[in-house]
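First up is the structure itself, then whatever we jot down about it.
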Amino acid sequence: MPDTYDTLRSILNSAFRVPEEEIRPELTLEQLDLDSLALTELVLIVHERFGVKIDSAYASRTTTVEQVADHLDTLRAGGTGAVASS
């Protein structure tokens, strides 16, 4: 996850101007002030950067930064990216 997480932090910082020191794995996208339009843009940027498309469950305001990074790692590894229940 470190490379994916770091890249995701960079995207959140550069595209959405979220200060890097405020981005923590346990924070939700909502807590980082991403609205529905920003989430749509995030999906597009991630698709361009990683070559995979985030499932809609991972493009919601209640998703944590860590969940997005883990989901990207799963997709990049060729997994299904199914949502695990807690």
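- Looking only at distances, a side-chain donor or acceptor of Ser14 sits under 3.5 Å from a matching main-chain atom of Ser10.
- Side chain of His71 to main chain of Ile54: no donor-acceptor pair is present (N/O by atom type, distance under 3.5 Å, no hydrogens or angles).
- The side chain to side chain donor-acceptor pair (under 3.5 Å) check on Glu26 picks up Arg24, with sequence neighbours excluded.
- Atom CD of Glu41 and atom CD1 of Ile45 lie 4.5 Å apart (nearest 0.5 Å).
- Interatomic distance, CZ of Phe16 versus CG of Leu29, reported as 9.0 Å (0.5 Å rounding).
- Across Ile23 and Asn13, no two heavy atoms sit closer than the pair CD1-N, 4.2 Å.
- Note that the CZ atom of Phe50 and the CG atom of Asp73 stand 8.0 Å from one another [nearest 0.5 Å].
- Of all heavy-atom pairs spanning Glu20 and Arg9, the tightest one is O-NH2, 3.1 Å.
- To the nearest 0.5 angstrom, Leu42 atom CG is 10.5 Å from Leu32 atom CG.
- A distance of 10.5 Å separates CG of Asp70 from CG of Leu8, quoted to the nearest 0.5 Å.
- Counted within 6.0 Å of CD on Glu21, heavy atoms from surrounding residues, nucleotides or ligands total more than 12; the atom is thus considered enclosed.
- Contact of the Leu72 side chain with the Val46 side chain is registered, since non-hydrogen atoms from C-beta on lie closer than 4.5 Å.
- Note: the hydrophobic cluster containing Val43 does not contain Leu12 (ILVMFWY, side chain heavy atoms under 4.5 Å, direct or indirect links).
- Legend: residues meeting side chain to side chain donor-acceptor pair (under 3.5 Å) with Ser60, ordered by chain and number and at least two apart, are Thr62, Thr63.
- Judged purely by atom type and a 3.5 angstrom limit, Asp35 uses its side chain to pair as donor or acceptor with the backbone of Leu37.
- Arg61 and Thr28 share no side-chain donor-acceptor pair at under 3.5 Å.
- To the nearest 0.5 Å, the span separating CG on Leu27 from CG on Leu34 amounts to 11.5 Å.
- Here the side chain of Arg76 pairs no donor or acceptor atom with the backbone of Val52 at under 3.5 angstrom.
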